[in-house]
Amino acid sequence: MTAQIIDGKFLAQKICSELKQKISAFNDNSPCLAVILVGDDEASRIYVRNKQKKAAEVGINCRVIELSSSIGENALLSTINELNNDPDVHGIIVQLPLPEHLDKQKIIFSISPDKDVDGFTPYNNGLLSYNHHDAFISATPKGVLAMLQSIGIDLRGKHAVVIGRSQIVGRPMGKLLLNHDCTVTITHSHTVNLPSITQTADIIVSACGQPQMIKSSWIKDGAIIIDVGINRLNGHLCGDIDFEDVKSKASYITPVPGGVGPMTVAMLLANTFEAFLRQKDHPQHHCCHGHDCHCSK
Ligand code: NDP
C-alpha cells in the first residue's frame, strides 16, 4: 500500500478562495486581525509575515503590533485591553512564544473571548469541552479536522491517538475528535510504551515535536496519519512522522511542509471572518472578566 497524500496546501488554498469571495461581499467593511508580536524571535517573525500575507490575499486587514522584548506585563495587558475595546478589530492573537518574564497565561486570558480567534482562552476552551457551536476552535486542531473530513471518512467510533497534550494542539485536538465521536487516547512524554498504543490507532495525530519519531512499525496497516510536527533535522524541515517509512503502510498521510501548516493559517483567517460576522450582528458582549481583568466593562 502507498498512502494517499492529504494536500494541506491545496485544501488551504480552496478554503482561502472561498473566504475571499465571502469577504468581498462586505465591500464597505473588512475583517481586522490584530497580531501582537513581542520581541524579535526570528521564527515568530516569519510566521507573522506569512499570516499577514495570507490575510491580505483574502481581504483581511492584518494589524501587526510589534512590541519590544522588554515590555512590561501591564503595558502588554493595556495594549490588549485597547484592542479588546476597539470596534474596528475583530480578532486578536498573541504570537507565541513570549519572553520569559511575561506570564503567558495571564496575557492570553486577557483577550476578549469574542476576539479570541486562536481559541486559547478558558472561555473558548470550555465551550469546546461542552461541544458548543459558539467555540472558537484553535486553528491547528480545526485544520486537522478539516483534513480528515476532506477524505470523507466516518470518524464515529474510530480510535484516534493524539501524541502531545499542549494547550494549543494536543488537548483541543483530543476534545475535537471526541466531539466527533472518535474514541480518543491522548499521549505524552510520560506515556508508557507509546508504540503499543499507536499500533491500535485508526487515526494518529502527532504533535510532539520529535523529528521522525513515528516509524512504520508503530502503526497498523491502513492507518490515517496526520503530522502536526514542524521540526528541523539536518537543516531540513520534517514532521514527527518518518514520512518515507510510514507512507508504505498508511492509507492517508500529511506531508511536512505543505500539510497541517497551511491549514492552520487558513483556519485562523476563517475564525477571524467568523468573529467579524458575529461582531457585526452582536457588538461585543463578553469581556475576559478574569483575574486581574483589565476590561473597562
Ligand atoms: P509542546 O512542546 O508545547 O508540546 C509537545 C507535547 O508533546 C507535550 O505534551 C509533550 O509531553 C509531548 N511529547 C514530547 N516528546 C514526546 C515523546 N517522545 N513521546 C510522546 N509525547 C511527547 O509543542 P506544541 O504542541 O506547541 O507543538 C508540537 C509540534 O507541533 C511542534 O513540532 C510544533 O512546531 C508543531 N506545531 C505545528 C503547527 C502547525 O501549524 N503545523 C502549529 C503548532 C505547533 P509532555 O506534556 O509530557 O511534556
Side-chain angles (χ1 to χ4, degrees), residues 5-13 15-16 35 41-51 53-55 93-98 100 104-105 108 117-120 125 137-148 160-177 184-201 204-215 217-219 225-233 236-243 253-271:
I5 309 283
I6 309 178
D7 186 341
K9 206 169 162 187
F10 174 79
L11 271 178
Q13 200 53 51
I15 291 164
C16 286
V35 180
D41 180 75
E42 197 42 46
S44 293
R45 280 186 182 278
I46 294 170
Y47 288 136
V48 169
R49 264 205 302 276
N50 189 30
K51 286 169 189 170
K53 181 167 158 260
K54 295 289 172 198
I93 64 169
V94 175
Q95 185 66 40
L96 300 175
L98 285 171
E100 295 253 311
K104 179 174 90 178
Q105 246 181 30
I108 298 290
V117 288
D118 256 342
F120 292 166
N125 256 304
I137 300 167
S138 310
T140 302
K142 192 170 169 169
V144 169
L145 180 69
M147 293 176 108
L148 289 170
V161 173
V162 178
I163 307 176
R165 57 174 168 179
S166 72
Q167 289 294 350
I168 64 170
V169 190
R171 282 169 204 255
M173 189 73 249
K175 287 183 203 167
L176 193 58
L177 291 166
V184 178
T185 305
I186 300 183
T187 63
H188 46 80
S189 68
H190 299 280
T191 297
V192 175
N193 200 356
L194 181 56
S196 71
I197 299 170
T198 53
Q199 278 157 5
T200 68
I204 297 174
V205 180
S206 185
C208 64
Q210 302 296 321
Q212 299 181 346
M213 181 178 83
I214 292 115
K215 308 289 178 194
S217 59
W218 290 39
I219 75 161
I225 311 291
I226 311 285
D227 194 350
V228 178
I230 302 178
N231 313 298
R232 278 208 172 267
L233 187 65
H236 294 284
L237 280 188
C238 71
D240 298 341
I241 311 289
D242 187 337
F243 184 88
I253 191 166
T254 64
V256 178
V260 177
M263 290 297 285
T264 297
V265 179
M267 290 303 165
L268 171 69
L269 300 178
N271 279 350

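Counting starts at 1 for both ligands and their atoms, following the listed order.
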_Could you tell me if the side chain of Ile5 sits less than 4.5 Å from the side chain of Ile253, heavy atoms only?_
yes

*Does Val260 reach the side chain of Asp227, with side-chain heavy atoms less than 4.5 Å apart?*
no

*Can you name the residues that come within less than 4.0 Å of ligand 1, going by heavy atoms only?*
Thr140, Ile163, Gly164, Arg165, Ser166, Ile168, Val169, His188, Ser189, His190, Leu194, Ala207, Cys208, Gly209, Gln210, Met213, Val228, Gly229, Ile230, Asn231, Val260, Gly261, Thr264

*Of the non-hydrogen atoms in Ala201 and Val161, which two are nearest, and what is the gap between them?*
CB-CG2, 3.5 Å

_Single hit among Asp240, Val205, Leu194, Ile197 for side chain to side chain contact (heavy atoms under 4.5 Å, CB included) with Ile163_ = Leu194

*Find out whether Leu177 and Leu148 are in side-chain contact, i.e. whether some heavy atom of one side chain is under 4.5 Å from a heavy atom of the other.*
yes

*Run the numbers on Lys175 and Asn125 for side-chain contact (heavy atoms from CB on, under 4.5 Å), then give the verdict.*
CA-CA 9 Å; Lys175 287 183 203 167; Asn125 256 304; 3.3 Å; yes

